[in-house]
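What follows is one structure encoded as structure tokens, with my remarks underneath.
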Amino acid sequence: MSIRIGILGYGNLGRGVECAVKHNPDMELVAVFTRRNPEEVKILTETAKVYHVDQAVGMKDEIDVLILCGGSATDLPVQTPEFAQYFNVVDSFDTHARIPEHFAAVDEAAKKGNKTAMISVGWDPGMFSLNRLYANAILPGGKDYTFWGKGVSQGHSDAVRRIEGVLDARQYTIPVESALEAVRNGENPELTTRQKHTREVFVVAEDGADKARIENEIKTMPNYFDEYDTTVHFITAEEMAANHAGLPHGGFVIRTGSTGWEDEHKHVVEYSLKLDSNPEFTSSVIAAYARAAYRMSREGQTGCKTVFDVAPAYLSLETPEELRAHML
Ligand SMILES: NC(=O)C1=CN([C@@H]2O[C@H](COP(=O)(O)OP(=O)(O)OC[C@H]3O[C@@H](n4cnc5c(N)ncnc54)[C@H](OP(=O)(O)O)[C@@H]3O)[C@@H](O)[C@H]2O)C=CC1
Ligand SMILES: N[C@@H](C[C@H]1CC(C(=O)O)=NO1)C(=O)O
């Protein structure tokens with residue numbers, strides 16, 4: 001029997017999840033929910049329909065896992081706790097500083113409804129978090145670094161689009177080359193947030209919008225831009241469509257450490273991603289964790305989880321026995 005998937009919120013990530021479900025033979029998309037007029041939202045899956053978000057709870061018995069694809073800046077803090085009491089849910093919440101409070105709110109809701117919730121699923125937070133944990137546990141005396149880009153951060157782009165007067169936005173994260181080089185050379189540098197990345201934002205503003213106010217709101221935005229050197233460009237919708245249609249990204253987590261009685265043996269652990277499509281890769285991670293949420297829910301493992309709480313075998317299409325047979 002297929003895992004019946006619902007999508008709530010149909011933007012870059014929602015479209016990516018629709019595509020990821022197609023690539024997973026044990027899943028079927030049942031419904032897409034949107035806050036807009038469903039008639040205006042066109043999906044590609046012929047066996048699924050678009051509904052208004054107000055119709056979601058009435059369909060809770062028709063969906064095994066609801067994947068929440070709203071923006072982390074303002075949507076998920078409200079939507080994930082709201083729907084976690086009615087559905088097994090997965091979200092990609094990535095406002096790192098606010099993950100503890102989001103976890104607490106979602107955990108309370110999921111336990112109230114006896115449901116399984118997974119938050120902050122994706123690549124960072126998500127796969128990068130896991131690899132930082134593995135490397136830290138294995139090389140406790142080491143030092144680790146995370147670099148992203150150059151690429152389009154969906155979270156930062158979404159956060160800018162939420163500013164009054166902004167019609168569209170793309171935010172590029174750019175690693176500082178000298179910092180990258182020092183890490184790669186094994187210099188183990190002490191780096192501040194500002195010394196590791198810069199951020200560049202392209203904005204389409206409403207006619208007559210106060211551009212100075214928009215630029216200031218971007219540059220001072222807590223948890224997104226206030227700790228970075230950020231450049232803001234105002235462009236036309238035509239320029240945005242022509243020059244910023246893609247959503248590539250990537251990055252790497254690197255940890256250096258040593259072993260031996262005299263710490264004489266040096267080790268480097270690295271996990272890297274090169275992504276043509278940030279949303280489609282993130283959605284592929286989410287689909288695997290939706291499988292895990294379904295399985296863990298059937299075992300009665302309720303409440304909120306993060307990627308740290310999910311045994312890898314739950315993610316795989318193969319059974320634990322099949323995995324052991326060839327030790328994937
Ligand atoms: N953990 C990780 O590694 C990653 C996390 N993310 C997270 O994913 C979140 C979502 O990113 P993304 O999908 O790019 O954001 P979008 O701005 O594309 O979509 C966010 C929401 O906005 C609404 N929306 C989308 N398009 C339109 C439109 N044309 N008009 C009106 N409303 C629209 C949709 O809700 P509705 O249908 O209800 O209108 C949608 O769910 C990001 O905020 C980020 O935090 C992303 C990548 C990686
Ligand atoms: N959550 C990020 C995924 C990575 C990319 C990123 C950044 O460029 O700041 N931080 O984490 C996203 O929304 O794309």
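Just so you know, these numbers use all the heavy atoms, side chains as well, and skip hydrogens, waters and symmetry mates. Whatever order the structure lists ligands and atoms in, that order sets their numbers, starting from 1.
- Protein residues having at least one heavy atom under 4.0 Å from any atom of ligand 2 are Asp94, Trp123, Asp124, Trp148, Ser153, Gln154, Gly155, His156, Thr173, Arg199, His249, Asn278, listed by chain and number.
- The shortest distance between side-chain heavy atoms of Val17 and Val21 falls below 4.5 Å.
- The closest side-chain heavy-atom distance from Thr80 to Val89 is below 4.5 Å.
- When the ring pair (Phe, Tyr, Trp, His ring centres under 6.0 Å) test is applied to Phe33, the partners found at least two apart in sequence or on another chain are Tyr51.
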Show me the donor-acceptor pairs, under 3.5 Å and distance only, between side chains in residues 220-227 and residues at least two apart or in other chains.
residue, atom, partner, partner atom, Å
Thr220, OG1, Asn216, O, 2.7
Tyr224, OH, Thr95, OG1, 2.8

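- In this structure, Lys60 forms no cation-pi arrangement with Tyr86, as its terminal cationic atom is not both closer than 6.0 Å to the ring centre and no more than 45° off the ring axis.
- No side-chain donor-acceptor contact under 3.5 Å links Asn88 and Asp64.
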Tabulated below should be the N or O atoms of ligand 1 paired with protein N or O atoms at under 3.5 Å; can you produce that?
residue, atom, partner, partner atom, Å
ligand 1, 1 (N), Ser92, O, 3.2
ligand 1, 1 (N), Pro125, O, 3.1
ligand 1, 3 (O), Trp123, N, 2.8
ligand 1, 3 (O), Asp124, N, 3.0
ligand 1, 8 (O), Ser92, OG, 3.3
ligand 1, 13 (O), Asn12, N, 3.3
ligand 1, 13 (O), Leu13, N, 2.8
ligand 1, 14 (O), Asn12, ND2, 2.9
ligand 1, 14 (O), Gln154, NE2, 2.9
ligand 1, 17 (O), Arg161, NE, 3.4
ligand 1, 17 (O), Arg161, NH2, 3.0
ligand 1, 18 (O), Asn12, N, 3.0
ligand 1, 18 (O), Asn12, ND2, 3.2
ligand 1, 35 (O), Arg35, NH2, 2.9
ligand 1, 37 (O), Tyr10, N, 2.9
ligand 1, 37 (O), Thr34, OG1, 2.8
ligand 1, 37 (O), Arg36, NH2, 2.9
ligand 1, 38 (O), Arg35, N, 2.9
ligand 1, 38 (O), Arg35, NE, 2.8
ligand 1, 39 (O), Arg36, NE, 2.9
ligand 1, 41 (O), Tyr10, N, 3.4
ligand 1, 41 (O), Cys69, O, 3.2
ligand 1, 43 (O), Ser72, N, 3.0
ligand 1, 43 (O), Asp158, OD2, 3.4
ligand 1, 45 (O), Ser72, OG, 2.6
ligand 1, 45 (O), Asp94, OD1, 2.7
ligand 1, 45 (O), Asp94, OD2, 3.0

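- With a 6.0 Å cutoff to the six-membered ring centre and a 45° limit on the axis angle, Arg199 counts as a cation-pi contact of Tyr228.
- Between Asp276 and Lys274, no side-chain nitrogen of the basic residue sits less than 4.0 Å from a carboxylate oxygen of the acidic one, so the salt-bridge criterion is not met.
- In terms of heavy-atom proximity, Glu164 sits nearest to Arg213 at O-NH2, 2.9 Å.
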